[in-house]
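Reckoned from all heavy atoms, side chains included, excluding hydrogens, waters and symmetry mates. All values reported here derive from a predicted model rather than from experimental measurement.
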Amino acid sequence: MSRNYSTITWTEVCAFWGMVIAGFSHFFGGLFRGLVKWAFSDGNAARILNNIVNILTLVGNIALLVAIALPAYQFVKYKTKGWRVFYWIAFALFLVGVVFGVAISF
C-alpha cells in the first residue's frame with residue numbers, strides 16, 4: 001500500500017540513497033577483495049585493488065552513517081537531554097570507528 005504524500009522528507013532520501021550507495025560500495029568492495037585473493041597473490045595490482053576496496057568501504061560506511069544518523073536524531077530530538085547526549089556519544093563512536101577502521105587498513 002503506497003502513501004499519498006506529496007512531499008518526501010530528507011530522512012527518507014538519506015536513508016534510501018545511503019542504503020543504495022552502501023550496498024553498491026560494499027558489494028564491489030567484496031568483489032575486488034575476492035578478485036585480489038583469487039588472481040593476485042602479491043605485487044602492485046594487489047595493493048591497488050586493496051586500496052580501491054578500502055575506499056569503497058569508507059564510502060559505504062559514510063553513506064550508512066548519513067542514512068542512520070538523521071533518523072536516529074529524529075528519534076531523540078524531542079527526548080530528554082540525556083538521550084541527546086547519548087546520541088552524540090554514539091555518533092562520535094561510530095564516526096571514530098569508521099575512520100580508524102579504514103585508516104588502519106591503508
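Residue L56 holds its CG atom at 12.0 Å from CD1 of I21, rounded to the nearest 0.5 Å. The CG atom of L95 lies 10.5 Å from the CG atom of N61; values are rounded to the nearest 0.5 Å. Atom CZ in F94 sits 6.0 Å away from atom CG in L64 (nearest 0.5 Å).
Closest non-hydrogen pair, A63 versus A22, comes out as CB-N, 4.0 Å. Shown here for R84 and K79, the closest heavy-atom pair between the two residues is NH1-O, 2.7 Å. Y87 and A72 get closest at one heavy-atom pair: CE1-CB, 3.7 Å.
Using the six-membered ring where Trp is involved, F91 and W88 have ring planes that are perpendicular, over 60° apart on the 30 and 60° scheme.
Looking at residues two or more places apart in sequence or on another chain, you find no ring-ring contact (aromatic ring centres under 6.0 Å, His included) involving F86.
Linking Ile, Leu, Val, Met, Phe, Trp and Tyr whenever their side-chain heavy atoms come within less than 4.5 Å leaves V85 and L70 in two separate clusters. Following chains of ILVMFWY side-chain contacts shorter than 4.5 Å, one cannot reach L58 starting from V66, and the two form parts of different hydrophobic clusters.
Stacking of K77 on the aromatic ring of F75 is not recorded, the 6.0 Å distance cut-off and the 45° axial limit not both being met.
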